[in-house]
Asks: 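Here you go, one structure.
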Amino acid sequence: MHIPLLSPLLLSPLDSLHALSAQFLYGLLAPTGFFSAPSSIPSTSNGQYLLGLGIADITGPVVETNMMGYASLPQTDTGLHMRQRARAFIVAETSPSGQRVVLLNADIAMGDSGVRRELLAALAAEYGNTTYHAGNVALMGTHQHSGVGGYLENLLPQVTSKGLHPQTLKAIVDGAVLAVRRAHDSLAPGTLSFGTGRVEGGSRNRSPTAYLANPAAERAKYTDRGGEDGDQEWETSVLKFSGADNTLNGRGFLSFFAVHGTSLYENNTLISGDNKGMAAYLYEASIEPHAIPGNNTYVAGFVQGAVGDTSPNTLGAFCESPGKPYDGLPCVANSSTCGGYAQDCHGRGPAFTADSYGFGSNAAIGKIQADAVRNVLHDGSGTAVQGSVRSVHVYVDMSKHEFVLGNGTKVKTCPAAMGFSFAGGTTDGPGAFDFTQGDNKTSQNPFWEIVKTFITPEPSKEQTECQHPKPILLNTGYAHEPYEWSPSIVDVQILRVGNFVVLVIPGELTTMAGRRIREAVQAKLISSGIIGSDAHVVVAGPSNTYGHYITTREEYSVQRYEGASTLYGPFTLEAYIDKYTSLVPFLADDVTGTPFSDPAPMEQISKAIDLSTSVKFDAAGLGRHFAQVLQDVRTTEPYRSGETVFARFVGANPRNNLRLEGTFLAVDRLDSGIWKMVKSDSHPSTIYQWERESTILGTSAVNISWTIESDTPGGTYRLRYFGDSKPVIGNITAFVGASSNFTVVGGSSV
Ligand SMILES: *[C@@H]1O[C@H](CO)[C@@H](O)[C@H](O)[C@H]1NC(C)=O
Ligand SMILES: *[C@@H]1O[C@H](CO)[C@@H](O)[C@H](O)[C@H]1NC(C)=O
Ligand SMILES: *[C@@H]1O[C@H](CO)[C@@H](O)[C@H](O)[C@H]1NC(C)=O
Ligand SMILES: *[C@@H]1O[C@H](CO)[C@@H](O)[C@H](O)[C@H]1NC(C)=O
Ligand SMILES: *[C@@H]1O[C@H](CO)[C@@H](O)[C@H](O)[C@H]1NC(C)=O
Ligand SMILES: *[C@@H]1O[C@H](CO)[C@@H](O)[C@H](O)[C@H]1NC(C)=O
Ligand SMILES: *[C@@H]1O[C@H](CO)[C@@H](O)[C@H](O)[C@H]1NC(C)=O
Ligand SMILES: *[C@@H]1O[C@H](CO)[C@@H](O)[C@H](O)[C@H]1NC(C)=O
Ligand SMILES: *[C@@H]1O[C@H](CO)[C@@H](O)[C@H](O)[C@H]1NC(C)=O
């Protein structure tokens, strides 16, 4: 059933009731609240672990699907820059009954409770439910903004994707399971070490005026940490996985550094991994230069940190207002506006002038992160990790978490709500409506005033007071129809490998919020004698559940985008600090008992609305055949490095077959009379684009391009296109076509 594109503002529960529910292949094995650690397991004190690393493809449909991150209705994908990957890292104690943890870093905008539930069910079906379970598996999103959308379980993030897309969800879950399986199959004895480095100039604070609301004495402690007076955290922590032969780079690593995955702009429609996906590709390709991306054994994990107020747009935010006097000038700082509107204010990455969509800046921010990790691994400063592997996980109902502040006052969190500045967006992606950041007025746009009551219930006096000073735009914590708009119950999880501890956070902490929770947990670990003074704590998020942003109480009072998106009220961060520190005792070597947990959140996927349409049919067109060359490569004279080779083919809809673990294109090189694939659709130098020619006739075309790298060996090459067509009646069939042969004059020959 096709329902025409609805404005997100008009998507009412009534419409939803008339829409179809999604059908799912996966079982619905719900994980329970927590897992206890068996007592009296000897700790791993000799620094020996079993380590496993694996990578897999999680790329959903690369065309005709809304993208996830910017939550922008017009951002529908049209092709592929680089595939999205899941990278799994397993650390296990060596004793047969030892504990283990799985850190799964996925090139997606955020972890999600629905994805996690499906993933855990699939892992339980394969390995039983005591090996990999809710307690020891962390699903971490790199927070990239150029991936395929439609996989999140809650309604609010589904608004722009117009519901849940089963094909996207299945690609992510299947790929995540495959990455864990590959990691599991690669388990081998090894050691861990960690070091820290500096990602100089790798990010910028995008809400510095909110950061300034934090106490001066607190800010003074961090002035050397990066950015303007420490409003950035340029530290990267690198956990190296080494095999029996302890090489400089080891078998792979997990690095933790905060920078938004918004290097590629909102107007880009090619699926990509953004700057962390790029950093991972660059590192992996530097170790295995001839491996096709995704077919590598070295695995580089670039994990997101306290990302909330960070931006990769390091040049700052400027007005793009042609014809206006302020065109090209910096935006108004407090409100991030140009002439009173947010839409014209755009952040600029380091290679702003290189291209229109941010690809140059994306490569630059990816490279800065990869280089910083290389420095850490190569400078020999790493220290060995020793000690037990532990994990603790509980569900917390953040809509009503009561606890006692440090000064003795009892406070509580509130049901979720979005403030007005949420709709204003950020300088990385300005909002689509006329709201400005940091504005306290409760009524600016009469249209919103009408629709907000229509889509979410009017906030009660109690809710308004609880969320104060946030002016409530969307009272999502009270919106339960047709299913939950925002999560109330979130995953709170900590993983420990020796003295290295990962706080798995269900949201986006700001820079200062990240420091507060890291330091609080570290202090508790040391004071309770669980880890010595060498305890090293990092944050990883948005993970497991998407609970939006987490600011400090001071930043919350300013109500920029991040404060407006801090769901559970002014005490959200304090509540998390209370909860995470309370779980520290469960990381002890000789832990006994289990922590209190709220019940797991209700499954929602079976109720999900799916407004995506299936592929009707493909036709080559009169007198044409699939993969026929419509525009050929140049054969009259050779290509040189830096030039772009281009060909256009008669195409078919790539949604017919995602070609996971495969490719839609190849650059082949003739090697001793045999064609050898040297580039796939996942090399950043290649681009795959699909275009509908006629909906009625079912015809389409595909553009393939390759920009020749400077180290490309000379020789004879060709481009190939792999497609799958769906006839009106019958099965989807694969086809392949090739361009003419062409010559590349290289700097060297192989
Ligand atoms: C694990 O599986 C067993 C046997 O099927 C079941 O009794 C138990 O409840 C399951 N535990 C979890 C956490 O799902
Ligand atoms: C803008 O923010 C700065 C720093 O917080 C503050 O000093 C100034 O008063 C603010 N200006 C307005 C117009 O709010
Ligand atoms: C992937 O790697 C394996 C093992 O090195 C190799 O046999 C295979 O041909 C590679 N596949 C591709 C597509 O490069
Ligand atoms: C895409 O967006 C960027 C950032 O706003 C802008 O500078 C650029 O001109 C846009 N490109 C096109 C083609 O619209
Ligand atoms: C404790 O701090 C909270 C938040 O700042 C404040 O509302 C409360 O009045 C304080 N309580 C005491 C006893 O000072
Ligand atoms: C918004 O209101 C809060 C408290 O009511 C105040 O502290 C803050 O300065 C206000 N922000 C702006 C930008 O006016
Ligand atoms: C694909 O190539 C054709 C022919 O060169 C061009 O007209 C078209 O704009 C290209 N499509 C895209 C999406 O770039
Ligand atoms: C279509 O595929 C199914 C399942 O693979 C197969 O049984 C059937 O024979 C195929 N039909 C045709 C017309 O090839
Ligand atoms: C391309 O090169 C291959 C291998 O030498 C050859 O078999 C083929 O005929 C060539 N194709 C064209 C169109 O010249």
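Atoms within a ligand are numbered from 1 in the order they appear, just like the ligands themselves.
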Asks: Can you pull every nitrogen or oxygen pair between ligand 7 and the protein closer than 3.5 angstrom?
Replies:
unit_1   : atom_1 : unit_2 : atom_2 : d
ligand 7 : 2 (O)  : N703   : OD1    : 3.1
ligand 7 : 2 (O)  : N703   : ND2    : 2.4
ligand 7 : 5 (O)  : Q631   : OE1    : 3.1
ligand 7 : 11 (N) : E691   : OE2    : 2.9
ligand 7 : 11 (N) : N703   : ND2    : 2.8
ligand 7 : 14 (O) : Q689   : NE2    : 3.4

Asks: Sequence neighbours left out, what passes salt bridge (Lys or Arg N to Asp or Glu O under 4.0 Å) with K726? Give chain and number order.
Replies: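 K726: no salt bridge (Lys or Arg N to Asp or Glu O under 4.0 Å) contacts found.
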Asks: Can you tell me if NE2 on H290 sees more than 12 non-hydrogen neighbours from other groups inside 6.0 Å?
Replies: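 At most 12 heavy atoms, drawn from other residues, nucleotides or ligands, come within 6.0 Å of this atom.
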Asks: Do H81 and F359 have ring centres separated by under 6.0 Å?
Replies: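 Yes, ring centres under 6.0 Å apart.
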Asks: Show me the side-chain donor-acceptor pairs of residues 733-743 shorter than 3.5 Å, one per line, residues at least two apart or across chains.
Replies:
unit_1 : atom_1 : unit_2 : atom_2 : d
S739   : OG     : L719   : N      : 3.0
S740   : OG     : D632   : OD2    : 2.5

Asks: How about H184 and Y132: are their ring centroids closer than 6.0 Å?
Replies: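 Centroid separation for H184 and Y132: below 6.0 Å.
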Asks: Got a sec, which residues hit side-chain contact (heavy atoms from CB on, under 4.5 Å) with N296, two or more places apart in sequence or on another chain?
Replies: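 By the side-chain contact (heavy atoms from CB on, under 4.5 Å) rule, N296 matches I55, E284, E288, A291.
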